[in-house]
Amino acid sequence: MEENSETSFYITTPIYYVNDVPHIGHAYTTIIADAISRFKKLAGYDVFFLTGTDEHGQKVEKSAAEKGMTPIQLADKVVVRFKNLWEALDIAFDSFIRTTQPSHEQGVQKIFQKLKDKGDIYKGIYEGWYCVSDETFLSEDVSLEDGGHKICPDCRQKANVVSEECYFFKLSAYEEPLIDFYQKNPTFVRPQSRMNEVVSFVRQGLKDLSITRTTVKWGISLPDDSSHTIYVWFDALHSYLTGIGYDWDSQRLDRYWPATVHLIGKDILRHHAVFWPAFLIAAGFPLPKTIYAHGWWLKDETKMSKSRGNVLDPWTILNAFGSDPLRYFLLREIPIGLDGNFSHEGFIHRVNSDLANDLGNLVQRLLTMIHNYFGGQINTLGEETDTDINLRLEFDAIKEKVSHHFEDYAINKALEEIWVFINSVNKYLADNAPWKLAKDDSQRARLGRILYQATCALRGISYFVYPVLPESSQKMWQLLGEKKPLEEESYSELAFFNLKPDQKTQKSEPLFPRVDLKHFLQEEESMDIITFDDFKRMDLRVGEIIEAERVEGTDKLVKMQVNIGTETRQMIGGIADKYAPEELIGKKVVVIVNLKTAVIRGIESQGMLLAAEVDGKAIIPVFTEDVPAGAKVL
RNA sequence: GGCGGUGUAGCUCAGGUGGUUAGAGCAUACGGCUCAUAUCCGUAGUGUCGGGGGUUCAAGUCCCUCCACCGCCA
């Protein structure tokens with residue numbers, strides 16, 4: 001197979017397992033890929049950005065069964081959640097692959113058959129301790145517990161001895177080729193520390209890899225032996241090939257393969273840096289250029305995990321701030337290989353300081369001045385003086401640096417450079433004080449030059465931030481009066497004076513409103529995420545109102561007798577301004593029955609009706625079908 | 001246990017091949033400006049560069065040792 005052209009750029013995220021709902025970790029990987037891909041498109045590369053979902057395997061089978069669904073129903077559902085999140089985060093992927101689509105399944109079968117024919121796959125017996133939850137055999141050096149069983153070191157669950165016939169991939173035969181490849185390509189894995197780990201892992205010796213299961217039904221079956229399904233990892237990794245046309249569009253495959261970057265989390269390094277190249281060598285494909293392993297986001301210094309219940313839902317941030325601030329924070333805070341810490345304080349601090357104060361405020365002050373002094377259109381332009389030239393030269397230097405850092409996937413450094421320039425523009429304005437010149441009519445031309453120069457700089461800034469802040473970037477672009485879409489100006493065409501001096505600019509609302517930390521935390525508190533277990537502590541039941549009467553001397557309170565199936569409870573509700581007591585009788589309502597008894601106006605209330613609050617008035621929900629009193633509400 | 005890495009200002013970190021007063025951002029204090037989202041600009045700091053020992057005219061930077069933390073070892 002031929003190598004693709006120099007300008008082709010193929011970037012992937014891992015395909016995400018549909019057993020899990022999307023969380024901040026998925027968002028992080030995908031945002032990195034999106035930012036890099038957007039930059040590369042500006043820089044003129046022929047970019048292909050692939051993401052997708054991994055839908056086979058025992059865990060999916062199991063959790064679908066628990067939810068009373070078929071595996072594909074579960075997958076369909078979770079895929080929608082991923083796609084919705086990507087849309088909200090402005091992820092512009094070129095294709096979304098699902099491992100359940102026929103083109104993928106057939107492709108994997110074909111490669112499997114090819115390796116089998118070649119003798120790299122053979123049939124054998126595997127026996128070992130198997131962890132169902134992690135879908136993996138335990139390492140042999142995991143020691144036996146007192147009960148004579150082994151515990152999975154990752155998930156702490158009991159493992160079973162499994163002995164099964166399966167097919168093996170001759171990984172052991174690829175030890176030398178892999179070492180050789182690593183030596184010739186010392187930056188194959190990034191960051192460097194991960195490359196070291198991979199090399200030392202392979203040097204310890206490789207055993208053959210079991211790549212089929214007879215115990216798992218939900219998977220791609222072997223072409224000629226349907227009692228076996230292909231193990232999820234062999235299945236999933238090949239999506240990088242089937243996703244760009246392997247076995248269905250050879251032209252596209254040739255155009256983009258080998259991949260330029262596989263972006264991954266550090267937990268799946270071995271699969272990508274050892275198994276994957278071995279599979280590829282075996283099947284005769286060129287190897288990807290780079291495997292980039294990024295770190296984890298910790299929440300308030302602790303690892304996020306489902307059992308701790310501290311997994312950060314990206315929607316919490318998205319709903320409150322929108323996409324750009326989240327993208328900015330994740331990409332600015334840490335270099336790609338390191339772990340980072342996510343705290344609301346840190347997030348808000350950075351967003352306020354960098355986005356609101358530095359960039360947002362710059363946009364605002366500049367547009368306001370152009371509006372106030374020139375009615376939005378600069379109509380006179382003095383000569384460029386030294387201070388003006390310096391700003392322009394700094395722009396040229398920054399343009400080089402930003403490009404260099406993006407090419408090196410050092411997005412945080414690129415942003416750092418952009419912000420150095422933003423600070424320079426703010427300083428330029430402070431030094432030249434256009435607001436003073438504005439008071440002197442003889443200085444019109446000088447004033448025009450300063451505002452024009454600063455606006456040219458701002459145009460460049462809005463261009464630079466596009467890969468990270470696509471939404472705000474384009475908004476700024478338009479405020480500066482640009483009609484042509486930003487993406488149509490290539491990185492090499494970008495120049496300081498591309499802005500027309502008499503371009504009509506517009507004022508706008510602040511681009512990034514400052515956020516008050518205390519205020520945000522209060523709101524966060526009030527809509528704090530609870531677990532299902534928390535929710536289950538509330539005993540909600542259908543109750544039938546048997547009696548109802550106005551509480552004497554009040555406008556709103558009604559005293560009711562409510563049948564909750566097992567008994568009749570007395571409750572007080574503040575709903576009389578909407579409902580007359582007599583029209584309540586016979587109504588089926590939702591009540592919380594394990595609420596601590598309260599005494600209202602001297603009357604005991606042993607529960608509470610649920611109601612929507614609209615304009616201060618309570619509105620009771622009703623069932624569309626008949627339900628018995630006492631039925632549980634979930 | 002084996003291999004690899006980290007430890008630098010209150011916090012997060014930068015500091016190729018050893019070389020004058022060890023840096024940045026944030027936070028803090030003070031000053032300036034008023035076009036701007038109580039924003040912006042300027043000034044001021046503070047550090048036994050994890051501990052100890054060594055090589056050298058000279059070490060955060062090299063060597064030894066100890067301590068603490070982290071990653072990988074199917």
Side-chain angles (χ1 to χ4, degrees), chain A residues 126 128-131 134-142 152-154 169 171-172 175 189 191-211 231 233 266-271 273-275 278 293 295-296 298 301 303 332-335 337-341 343 345-346 348-374 410 412-413 415-417 419-420 422-439 447 450-451 454 507-516:
Chain A
Y126 191 92
W129 291 90
Y130 187 76
C131 171
D134 285 4
E135 282 183 41
T136 172
F137 281 94
L138 270 51
S139 159
E140 279 166 21
D141 46 73
V142 174
C152 172
D154 295 328
F169 173 75
L171 186 63
S172 56
E175 198 175 315
V189 175
Q192 188 60 44
S193 54
R194 300 288 165 201
M195 181 80 253
N196 297 345
E197 283 176 15
V198 168
V199 171
S200 71
F201 173 78
V202 175
R203 280 196 203 282
Q204 281 170 49
L206 296 173
K207 285 187 225 164
D208 290 348
L209 206 60
S210 144
I211 53 165
Y231 182 54
W233 271 111
K266 60 186 183 181
D267 54 324
I268 51 177
L269 178 60
R270 185 184 309 151
H271 304 87
V274 181
F275 303 164
W296 297 139
L298 311 176
E301 312 283 349
K303 194 172 172 182
R332 170 62 221 261
E333 195 73 358
I334 51 167
L338 298 185
D339 288 350
N341 183 46
S343 69
E345 289 84 350
I348 287 175
H349 187 259
R350 188 157 283 284
V351 165
N352 276 345
S353 158
D354 294 4
L355 295 182
N357 295 354
D358 294 345
L359 177 55
N361 181 58
L362 171 61
V363 173
Q364 200 70 2
R365 68 194 300 207
L366 198 49
L367 293 178
T368 301
M369 282 191 278
I370 297 175
H371 176 82
N372 290 349
Y373 308 149
F374 289 102
N412 64 321
K413 285 191 184 167
L415 288 170
E416 220 175 295
E417 289 297 343
W419 256 256
V420 166
I422 290 172
N423 292 337
S424 295
V425 181
N426 270 321
K427 184 171 158 49
Y428 172 82
L429 291 176
D431 289 347
N432 292 288
W435 49 91
K436 282 183 184 156
L437 300 177
K439 292 172 184 155
L447 176 64
I450 291 164
L451 295 184
K507 276 189 75 174
S508 85
E509 291 302 298
L511 222 46
F512 307 100
R514 268 184 78 82
V515 181
D516 182 62

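Chain letters run A, B, ... following the sequence lines, proteins first and then strands; every chain starts at 1.
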For B:rU46 versus B:rA22, give the span between their P atoms, rounded off to a whole number of Å.
10 Å

From B:rU37, B:rA74, B:rG42, nucleotide with atom closest to A:K427 side chain:
B:rG42

Nearest-neighbour nucleotide for the A:Q364 side chain, B:rC72, B:rU34, B:rU37 considered
B:rU37

Tell me: CG of A:L367 to P of B:rC35, nearest whole Å?
16 Å

Of A:D354 and A:F275, the one whose closest nucleotide on RNA chain B sits nearer the 5' end is A:D354

Same-atom distance (C1') from B:rC41 to B:rG5, integer angstrom
41 Å

Please work out if A:N196 contacts a base, only the sugar-phosphate, or nothing of the nucleic acid, heavy-atom cut-off 4.0 Å.
sugar-phosphate

My understanding is that only one of A:T368, A:L437, A:L447 makes a side-chain contact (heavy atoms from CB on, under 4.5 Å) with A:Y373; could you say which?
A:L447

Nearest-Å distance, CD (A:E197) to C1' (B:rC70)?
11 Å

Rounding to an integer number of Å, can you tell me how far A:M369 CE sits from B:rU39 C1'?
12 Å

Taking atom P in both B:rC64 and B:rG15, compute the distance separating them and give it to the nearest angstrom.
22 Å

Measuring only the P atom in each nucleotide, how far is B:rU20 from B:rC13? A whole number of Å is fine.
26 Å

Could you give the distance separating B:rG60 and B:rG7 at their P atoms, to the nearest angstrom?
15 Å

Check every strand shown and say whether A:R203 touches a base, only sugar-phosphate, or nothing at a heavy-atom separation below 4.0 Å.
nothing

Is A:D339 reaching over with its side chain to a backbone N or O of A:W296, donor-acceptor style, under 3.5 angstrom?
yes

In whole angstroms, how far is the P atom of B:rG32 from the CG atom of A:N426?
20 Å

For A:G337, report the nucleic acid contact type (base, sugar-phosphate, nothing); a contact means any heavy atom under 4.0 Å.
nothing

Would you classify A:T368 as touching base, sugar-phosphate or nothing, given that sugar-phosphate means primed atoms plus P, OP1 and OP2, and contacts are heavy atoms under 4.0 Å?
sugar-phosphate

Quote, to the nearest angstrom, the P distance that separates B:rA9 from B:rG52.
16 Å

Applying a 4.0 Å non-hydrogen cut-off, can you work out what A:L206 is touching in the nucleic acid: base, sugar-phosphate, or nothing?
base

Suppose we define a pair by two distances each less than 3.5 Å, Watson-Crick or G-U wobble; what does B:rU12 pair with here?
B:rA24

Rounded P spacing from B:rC70 to B:rG16 in Å
27 Å

Do any N or O atoms from the side chain of A:N352 and from the backbone of A:V515 form a donor-acceptor pair under 3.5 angstrom?
yes

Watson-Crick or G-U counterpart of B:rC57, or none if no pair lies under 3.5 Å
B:rG19

In whole Å, I'd like the distance from the CZ atom of A:R350 to the C1' atom of B:rC26.
8 Å

Side-chain ion pair, A:R194 and A:E197, N-O less than 4.0 Å
yes

When rounded to the nearest Å, what value does the distance between P atoms of B:rC66 and B:rG25 take?
39 Å

Distance in Å, A:H271 NE2 paired with A:L209 CG, rounded so as to fall on 0.5 Å steps:
8.0 Å

With sugar-phosphate meaning primed atoms plus P, OP1 and OP2, does A:L362 contact a base, only sugar-phosphate, or nothing at under 4.0 Å between heavy atoms?
nothing

Among B:rA27, B:rC33, B:rA74, the nucleotide that comes nearest once only the side chain of A:H349 is considered:
B:rA27

Looking for any heavy atom pair under 4.0 Å, which part of the strands does A:D339 touch: base, sugar-phosphate only, or nothing?
nothing

Report the base-pairing partner of B:rC3 (Watson-Crick or G-U wobble, both distances below 3.5 angstrom), or none.
B:rG71

A:K266 atom NZ, over 12 foreign heavy atoms within 6.0 Å:
yes

Only one of A:V425, A:N357, A:L511 passes side-chain contact (heavy atoms from CB on, under 4.5 Å) with A:L362; say which it is.
A:V425

For B:rC40, give its Watson-Crick or G-U wobble partner with both distances under 3.5 Å, or none.
B:rG32

In whole Å, I'd like the distance from the CZ atom of A:R194 to the C1' atom of B:rC73.
13 Å

Does A:A430 or A:R332 map to a spot on RNA chain B nearer the 5' end, using the closest nucleotide for each?
A:R332

What is the distance from CG of A:L338 to C1' of B:rU12, rounded to the nearest Å?
11 Å

Rounded to the nearest Å, what distance is computed from the CG atom of residue A:N361 to the P atom of nucleotide B:rU34?
16 Å

For B:rC49, the Watson-Crick or wobble partner whose two distances fall under 3.5 Å
none

Pick base, sugar-phosphate or nothing for A:Y373, based on heavy-atom distances below 4.0 Å to the nucleic acid.
sugar-phosphate

Under 4.0 Å between any heavy atoms, over every strand shown, what does A:N352 touch: base, sugar-phosphate, or nothing? Just pick one.
nothing

What distance do A:L355 atom CG and A:R332 atom CZ have between them, rounded to the nearest 0.5 Å?
10.0 Å

